[in-house]
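Down below is the structure, laid out as structure tokens.
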Number of protein chains: 2
Amino acid sequence: MARSPTTSDVFNAVAEVQRRQILTLLAGSELSVNDLAERLELRQPAVSKHLRVLKEVELVQVRGVGQQRLYSLNAAALKPINDWASTFQSLWTGRLDRLEAHLAEMSAQQQGEDL
Amino acid sequence: MARSPTTSDVFNAVAEVQRRQILTLLAGSELSVNDLAERLELRQPAVSKHLRVLKEVELVQVRGVGQQRLYSLNAAALKPINDWASTFQSLWTGRLDRLEAHLAEMSAQQQGEDL
DNA sequence: CTATTATATTCCCATATCGGAATATAAATC
DNA sequence: GATTTATATTCCGATATGGGAATATAATAG
């Protein structure tokens, strides 16, 4: 099996730096492909391709305004990432919750064991 | 330029489903490669490779216990993802904060413009 | 030293990428 | 309709993947 397509889910879509950058830019305002290309210092086709990926996973939407196509962010599509990462939040903040036990065990084990 | 290596950053490392799964499993307790292979229904070498990636981006740590190597989660390495995703949080929750203005502009524009 | 067990590495292949160049399509303007 | 402007698509190449099979390495037990 090969690497999962970038369009397979939001995690894959967002793995690419430029695409994350695009989302950040779109958080400020809706922009056209050329707007984005200029700010990212990429050629227009490259940006079009990134936008295609982002659109397929519903991270962006387009609306046509005359000759232009204005892309805007659909931040809600990022929720799965936030949700997933939040799952682990207690593990790096002070609150250890259910992990407390596990960590306690580990350090106890380490002391009891050899080293 | 080709796709970024999975080891280039946490976002790329976490793009792969099996690797996310591994992190989830390790959140429960430290596990050996074979433990993981069994639960993921993957062959041991496949899991070893995933762990290598996760280790390179510091998402996991190993400690040798005799013949075994026990992998554990380093949740702190996920913080960048959480931080990044959180940036957009206001856009999908009720609180619009600084984006309020932007959205207001947009809808105003849409009404004022043609459609 | 020779199993045996646990893990890592190498080799392979099908697949997909990202970007640039060139080209096609779309929409507005003359 | 021809031209200009904005965008999308196609073709290409270098690169990397993820998994299996086979093999190498590590560590413990006999």
Side-chain angles (χ1 to χ4, degrees), chain A residues 1-23 25-26 30-57 59-72 113-115, chain B residues 1-23 25-26 30-57 59-72 113-115:
Chain A
M1 196 179 289
R3 196 171 188 175
S4 290
T6 54
T7 53
S8 56
D9 62 43
V10 186
F11 287 91
N12 278 280
V14 154
E16 166 66 45
V17 196
Q18 307 284 16
R19 282 195 289 266
R20 287 201 300 279
Q21 198 58 43
I22 288 176
L23 296 181
L25 289 169
L26 291 183
E30 54 179 2
L31 293 169
S32 72
V33 179
N34 278 320
D35 288 343
L36 287 165
E38 199 176 333
R39 301 180 199 214
L40 295 171
E41 302 190 31
L42 276 180
R43 305 297 154 84
Q44 170 264 313
V47 179
S48 273
K49 286 174 217 165
H50 283 312
L51 287 170
R52 193 188 209 293
V53 172
L54 293 174
K55 194 168 44 178
E56 276 195 57
V57 297
L59 273 166
V60 302
Q61 304 146 323
V62 216
R63 71 178 178 111
V65 174
Q67 209 167 351
Q68 267 188 322
R69 319 208 65 209
L70 295 183
Y71 284 85
S72 58
E113 212 90 26
D114 29 357
L115 189 263
Chain B
M1 194 180 289
R3 197 171 187 174
S4 289
T6 54
T7 53
S8 55
D9 62 45
V10 186
F11 286 91
N12 278 281
V14 154
E16 166 66 43
V17 196
Q18 309 284 15
R19 281 194 290 267
R20 286 202 300 279
Q21 198 58 43
I22 288 176
L23 296 181
L25 288 169
L26 292 182
E30 54 180 1
L31 293 169
S32 72
V33 180
N34 279 320
D35 287 343
L36 288 166
E38 198 176 333
R39 302 181 198 213
L40 295 172
E41 301 189 30
L42 275 180
R43 306 296 154 83
Q44 170 264 312
V47 179
S48 273
K49 286 174 217 165
H50 283 312
L51 287 169
R52 195 189 207 292
V53 172
L54 293 173
K55 194 168 45 180
E56 276 194 56
V57 297
L59 273 166
V60 302
Q61 305 147 323
V62 216
R63 74 181 176 108
V65 173
Q67 209 167 350
Q68 267 188 321
R69 320 208 65 209
L70 295 184
Y71 284 85
S72 57
E113 212 89 27
D114 27 356
L115 189 261

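If you measure from atom CZ of R52(B) to atom C1' of dT25(D), you get 14 Å, rounded to the nearest angstrom. When the C1' atom of dC18(C) is taken as reference, atom CD of Q21(A) falls 16 Å away, rounded to whole Å. Computed from coordinates, the L51(A) CG to dA8(D) C1' distance equals 11 Å when rounded to whole Å. At whole-Å resolution of the value, CZ in F11(B) and P in dC18(C) are 16 Å apart. In this structure, NE2 of H50(A) is placed 15 Å from C1' of dT9(D), rounded to the nearest angstrom. Rounded to whole Å, atom P of dA24(D) lies 16 Å from atom NZ of K49(B). When the P atom of dA6(C) is taken as reference, atom CD of Q68(B) falls 7 Å away, rounded to whole Å. With rounding to whole Å, M1(A) atom CE is found 11 Å from dT15(C) atom C1'.
Heavy-atom minimum distance, R3(A) versus S4(B): NH2-O, 2.9 Å. Residues L23(A) and V60(A) approach most closely at CD2-CG1, 3.9 Å, considering heavy atoms. Counting all heavy atoms, side chain and backbone alike, R20(A) lies closest to A15(A) at NH1-O, 2.9 Å. L26(A) and Y71(A) make their closest contact through CD2-O, 3.3 Å (heavy atoms, listed as atom of the first residue, atom of the second, distance). Across A13(A) and V57(A), no two heavy atoms sit closer than the pair CB-CG2, 3.7 Å.
In this model, the phosphate group of dT9(D) is not approached by any side-chain N or O of S48(A) to a distance below 4.0 Å at OP1 or OP2. A close approach under 4.0 Å does occur between a side-chain nitrogen or oxygen of N34(A) and OP1 or OP2 of dT7(D). Using a 4.0 Å cut-off, some side-chain N or O of T6(A) falls inside it from OP1 or OP2 of dT17(C). Of the side-chain N and O atoms in R69(B), none sit less than 4.0 angstrom from OP1 or OP2 of dA6(C). Neither OP1 nor OP2 of dT15(D) sits under 4.0 Å from any side-chain N or O of R3(A). The shortest distance between the side-chain N/O atoms of Y71(A) and the OP1/OP2 oxygens of dA6(D) is not below 4.0 Å.
The backbone N or O of S32(A) lies less than 3.5 Å from no partner atom in the side chain of R69(A), so there is not a single donor-acceptor pair. No side-chain donor-acceptor contact under 3.5 Å links R63(B) to the backbone of L70(B). Of the possible polar contacts, none joining the N12(B) side chain to the T7(B) backbone as a donor-acceptor pair under 3.5 Å is found.
Heavy atoms of S4(A) sit nowhere under 4.0 angstrom from any nucleic acid atom.
Residues from residues 36-44 of chain B with heavy atoms under 4.0 angstrom of DNA chain C, sorted by number: Q44(B).
Looking at L59(B) and R19(B), their side chains never come closer than 4.5 Å, going by heavy atoms from C-beta outward.
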Please produce a list of atom pairs where a protein N or O lies less than 3.5 Å from an N or O of nucleotides 27-30 of chain C.
unit_1: dA27(C); atom_1: N3; unit_2: Q67(A); atom_2: NE2; d: 3.4

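Summary of the strand contacts: A2(A) and E16(A) both lie near DNA chain C, and taking for each the nucleotide with the nearest heavy atom, the more 5' one is attributed to A2(A).
Residue R52(B) qualifies as open at atom CZ: its count of foreign heavy atoms under 6.0 Å is 12 or below.
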